[in-house]
Amino acid sequence: MHASVEQPHGDQEAQPLLVVRDLQAYYRTSHAGVRRGIRAVDGVSFTVRRGEIYGLAGESSSGKTTLIKSIAGAIKPPLEIVGGSMEFAFLSGYGGLHRAARAELERIRWRHLSYIMQGSMNVLNPVRRVRSSFVDFAYPHIGGSLKQFEQLVVAHLARVKLDPSVLTAFPHELSGGMRQRAALALATICRPGFIIADEPTTALDVVVQKEVLGMIRGIQRETGSSVLFVTHDMGVHAHITDRLAIMYAGRLVEEAATAEIFRNPLHPYTKNLISSLPRIGEDAPRAGLAGAPPNLADPPSGCRFHPRCPLASEICCREVPVMREASSGHRVACFAVNGGDGA
Amino acid sequence: MSGYAGYVGRRLAQFLLVVFIGINIAYVVTHASPIDPVEQSISAVTSFGNTAPDAIEQMRKSLRELYGLGGTPVQQYLTFWKRILSADFGPSLSAFPTPVGTLIGRALPWTAGLLTVSTLIAWVLGNLLGGLAGYYRQSRGLKLMGVIAMGLHPIPYYILAMLLLILFGFIWPVLPISGGATMNLPQTLTPEFVFSVLQHAVLPALSLILIGVGSWFLGMRSLVSNVLAEDYVVYAELAGVNSWRILTSYVMRNALVPQVTGLAMSLGGIFNGAVITEKVFGYPGLGSLLVDAVYAGDYGLVLGVTTISILSVSVGVLAIDLLYPLLDPRVKVS
Amino acid sequence: MNDLLLDVMEVSKTFARGRLLSREKIVAVNKVSMQLAAGQPEILAIIGESGSGKTTLARMILNMETPTSGRLVLDGTDLAAMGGNAARLAFMHKVQPIFQNPFESFNPLKRVERYLLMTRLRFTGAAGESTAAVAVDAALHKVGLSLKEVGGRYPHELSGGQLQRVAIARALLAEPKLIVADEPVSMIDASLRMSIVNLFRTLRDELGISIIYVTHDLATAYYISDRIMIMQKGSVVESGDARTVLKAPRHPYTRQLREAVLLPEVASAPAIVTPNMNGLSPGAPERRA
Amino acid sequence: MVAFIRELLRYRTEFRIGLALVAVVLLLSMMASFSPYPPDSVYVVPPDLPPSLTYWFGTTSRGQDVFWQVSFAIRNTLLFGGTVALVSRLVALAVGLVSGYKGGWVDRALMSVNDTFIVIPLLPILVLFYFVMRDRISWLMLALIMACFGWAYDARLIRSVVMSLRQREFTQTSLFSGMTTRQILTEEHLPYVVPILFSTTMNNMVWSIGLEVTLAVLGFTDINTPTIGGMIYWANQHTAMVAGIWWWIAFPTIAVIMAFIGLFLLAVSVNAHIDPRSRLWSTGEAS
């Protein structure tokens, strides 16, 4: 094992922060002799660069939550990593957090890698004051005297416009927006190199959502962290991410700079996602897609989008399209765009 | 803080309601009898030996008043309450003329001590082990403990107490099986007396603890497996928070909250158990007093012990309720 | 009076929180009035954030909540004066709900067609199961499904989008004049959302059903509604023609909401550059317009 | 329902063990109908014989065959528990349903009374009851008075289930599909309440039988009707343990413990199976 922990601010700046290669994560159950598998993530590759907000969009059964769990190393049966690797800049040689040694993980977690969770309204321990969450999560990584630590926390809370008094409050005494900002401060206090944000603003009202997004952006710029930002909301992606990947039925179908995706979507699924978004001031009719997302226990052959695709041809039913660069930095997995032969 | 005041107000109101309904049940039960309880009691007492006729008359008068047999139903009811509120249950018939209050006062500390200590031990131990068993699901030892708890929990107090009695009284006689302390020791705080009290408390306490532990263990284990799925626990795990810290401050701390409510709710049942245990081990508490009073036909004493039981259990519940906000800060806003 | 389908007059709803000693009152809806004209089907959007009282108002219109003060009159019937089972059935014949969570809209232990058949039999006096089944199939066709696809299925065997269509078909089977839909698409996947939204438009245009669309989403509200009503903390702060209000909001709160909408247009502004690959200063493009 | 039981049999070891124990005890109780002796006659067999091929469980000092006594006793004890459970279920169901559906002040008032009944220590009251009734106390009377106290905890459980059912959207769908309140209760909600009713019935039987045994052992019941507690009472009266007649106490104790553990396991396994999270765990049906 040549595992080593590298400093996020080392001299290997050009090295990407996370490289995911051909990841396959399945839910496998076996009872009464019947083995079943749900291929939630099936051959996903992408790279998160240093200092960028990388967006991941997908609907409820796209496998994006499973992808996040895999990257975070939160693998519990029946979820299994079946193939592929995830290499972090700060943890190389293991092929993923789920294989890292315990001591290594304890060093990395929160120092180099933190999370803003889906439903992060409920991430603070309800029976303890907010201060103790900061102490539990961050103090072991920051050290020094508790007094210094608290000063640091107070200064950091100011970045998310929270008063120091929230530290002595219990979570239920804070409003939803305040809790969300406290969670944001908690996730960024150690200035980690990498933050995974899973639907961090979905439960918020629009006005608060915009404010919190601005704060995430602000802190990210200041600390130079990379963020993997997952949400189904294309408006949020447009607002905050630098690059964007679209996931459908366990696979990536398109990836490009966010602006490029919105300006020039290539994959028919992406095209529909963007063209169907209603906009205030535009009265043209929008059309949804026919059909329903596939069941991942029994996905369609070939391209998983072909049963709903207006451009589907015979090859789409047979072969799996791979992600190919259509123009610089713009990858797409579609025979209609890339041309016939697939590979 | 007004939230806390509101909470305390609600708990006090509930406390008064429990006492009110409890005493009323006692009233209805005593007045439901188709036979004249006074004559029955007197015949039960007098059959033991020669009692002076004027003493019998005094008893009859006191009993009739206690039963509230004179006057209109409303007057009967009010008299009943008056005697209970003034804690005046008259003289005991079986230990005439010692007042019932004195007998109860003597017995109460034994029960309170035994019950408090054994309940606390059972609660703490059961929750601790149950918490560990819920957290470390794979541990064989804890799994085995779960099986034992499942077997122990449904066994009634009497049967378990009897089994212990057989085990330590006949098969392996190492512990005293009867009484609260060695008979002839003076009841002062000498080391011998304290040791003797502790020694005598082992078996009754053990039977209470064995049954209690099982139920707290099972409850805590299932609570913990629910808490484990909560966002704040998952998040702390992802954050690499020390696992002992997660177990104590996150998992157990939150799972304990309903267990405190559970303790308050089951206090009545635990008291029932203590009554039996005391009888089996001849422990000089309220339970033995109650059972012996029934055998002796001592009405005042039975009624006195019953009302005091209702009252002391309610006080216990109130005490737990008032401590509850310390554990769960959320009650203040409820 | 008779030319109104729905007349909401100064309704308020207060909830009491806490018990006995510490009682505080929360005004969920504060003197709201609104009207829907009869014979003139339209889509009215009620827009607000959480705590704005929009859902409480919708529940009062559905007679699931009784107003603390004020009056609601539906098609000539005062909801407060409605008593007895027959009156309740007559009311539900006119007004039907669509709920937010399609997975929760049907009992997981029962087959979904049960609700469709029941609705048909109860409200339209359909003679027997077989005529009802024909009507059920027709209603399912209106929402792009068929009895063949849905019959005999349990809720977990259908997707969220399908279930929401079934819920709409069920409402249609009562032949209502008004449908109250509370956040009907917020839990529907993006690729399916617009087809459900478009369905509401079809219901209005082809079946002449008025729709009250309760939502927090300004963009879909703009897309389908004729009129909108903006609520904040229980009160209506602005209302009127959807296009007028959303294009040129007058009330500061409406403006605030309008500005908070995250629009894809922002990203398609030409100032975008590809992110800097050289790490430390993330090359995030300036996007603020 | 059938599918539910089949699933339980398939995935829950506790359920299988519980079912087996209860079946054995039930079989034993049904044997009572074939007893060669009436339950209350004494000196029908030679006294104090240890277990043998003739007298499987031995004989008592009162000249009774322990096997047939246990059979009668467990039958009566189960009947007692069943009666208490049945009557208290009616109260629990009524209070739970009303409280859960009505809500508001009705709920608050009912729950206050409910909590009172949970807290009040029952045993002293039962003893008081025996004290004033003495020999007139009957099996049924005791069962009824216990039923008056045994509903409260379960009413709370039923109430919480009903409250969550009432909140769920499908209830509103049913309402707007024109279903009557009775239909909603019996067709939509009952399937969720039945498993709870079952598991609380089992737990309630464990509770009431335990109390009955206790009272009987102390002699505070109708000791002439053979029950498990009654048998132990008579054994104690004849100082059976000291005299070495252990079988007089051991067999009824074993029988009642089997009943307890069996009923308890049935309750636990059904309860665990209703909880969707642990259900997924056991059937392996994740996501």
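Since the structure is predicted, the reported quantities are computational estimates derived from the model, not experimental observations. Computation of the quantities below employed the complete heavy-atom set of this structure, encompassing side-chain atoms and omitting hydrogens, waters and symmetry-equivalent molecules. All chains are named by letter (A, B, ...) in the order of the sequence lines, taking the proteins before the strands, and each is independently numbered beginning at 1.
- Note that CG of B:Leu303 is 6.0 Å distant from CG of D:Leu128, once rounded to the nearest 0.5 Å.
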Exercise answer: donor-acceptor pairs, residues 147-157 of chain D side-chain atoms, under 3.5 Å, sequence neighbours excluded:
unit_1: D:Trp151; atom_1: NE1; unit_2: D:Cys148; atom_2: O; d: 2.7
unit_1: D:Asp154; atom_1: OD2; unit_2: D:Arg89; atom_2: NH1; d: 2.7
unit_1: D:Asp154; atom_1: OD2; unit_2: D:Arg89; atom_2: NH2; d: 2.9
unit_1: D:Arg156; atom_1: NE; unit_2: D:Asp115; atom_2: OD1; d: 2.8
unit_1: D:Arg156; atom_1: NH2; unit_2: D:Asp115; atom_2: OD1; d: 3.0
unit_1: D:Arg156; atom_1: NH2; unit_2: D:Asp115; atom_2: OD2; d: 2.9

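- To the nearest 0.5 Å, the span separating CD1 on B:Ile21 from OG on D:Ser112 amounts to 8.5 Å.
- Note that the OH atom of B:Tyr295 and the CZ atom of D:Phe220 stand 4.5 Å from one another [nearest 0.5 Å].
- Between chain B and the residues D:Gly210, D:Gly219, D:Pro121, the largest count of heavy-atom pairs under 4.5 Å involves D:Pro121.
- Proximity to chain B involves both the backbone and the side chain of D:Leu122, based on heavy atoms less than 4.5 angstrom apart.
- A search for ring-ring contact (aromatic ring centres under 6.0 Å, His included) contacts involving B:Phe271 returns nothing, not counting sequence neighbours.
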- Message: Run the side-chain contact (heavy atoms from CB on, under 4.5 Å) test on D:Val119 and B:Leu267 for me, step by step, so that the C-alpha distance in whole Å, both residues' side-chain angles and the decisive distance to 0.1 Å come before the verdict.
- Response: CA-CA 7 Å; D:Val119 163; B:Leu267 219 52; over 6 Å; no
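- Contact annotation for residues 305-317 of chain B against chain D (heavy-atom separation below 4.5 Å, listed by residue number): B:Thr306, B:Ser309, B:Ile310, B:Val313, B:Val317.
- Two residues are said to be in side-chain contact when any heavy atoms from C-beta on lie closer than 4.5 Å; B:Met150 and D:Ile261 fail this criterion.
- Counting heavy-atom pairs closer than 4.5 Å to chain B, the top residue among D:Val268, D:Thr253, D:Val217 is D:Val217.
- Proximity to chain B (any heavy atom under 4.5 Å) is shown, for D:Leu126, by neither the backbone nor the side chain.
- In terms of heavy-atom pairs under 4.5 Å with chain B, the best-connected choice from D:Asn203, D:Ile118, D:Ile209, D:Ile232 is D:Ile118.
- Atoms CG and CD1, from B:Asn272 and D:Ile125 in turn, are 9.0 Å apart once rounded to the nearest 0.5 Å.
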Name every donor-acceptor pair, under 3.5 Å, that has one atom in a side chain of residues 152-172 of chain B and the other anywhere in the protein, sequence neighbours excluded.
unit_1: B:Tyr158; atom_1: OH; unit_2: D:Asn236; atom_2: ND2; d: 3.0

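- Between D:Val132 and B:Val29, the shortest heavy-atom distance links the atoms CG2-O, 3.5 Å.
- Looking at heavy atoms from C-beta onward, D:Phe131 lies out of side-chain contact with B:Leu301 at the 4.5 angstrom threshold.
- For B:Leu17, the parts lying near chain D are the backbone and the side chain together; criterion is any non-hydrogen pair under 4.5 Å.
- For the set B:Gly22, B:Gly287, B:Gly269, B:Gly268, the entry with the most heavy-atom pairs within less than 4.5 Å of chain D is B:Gly268.
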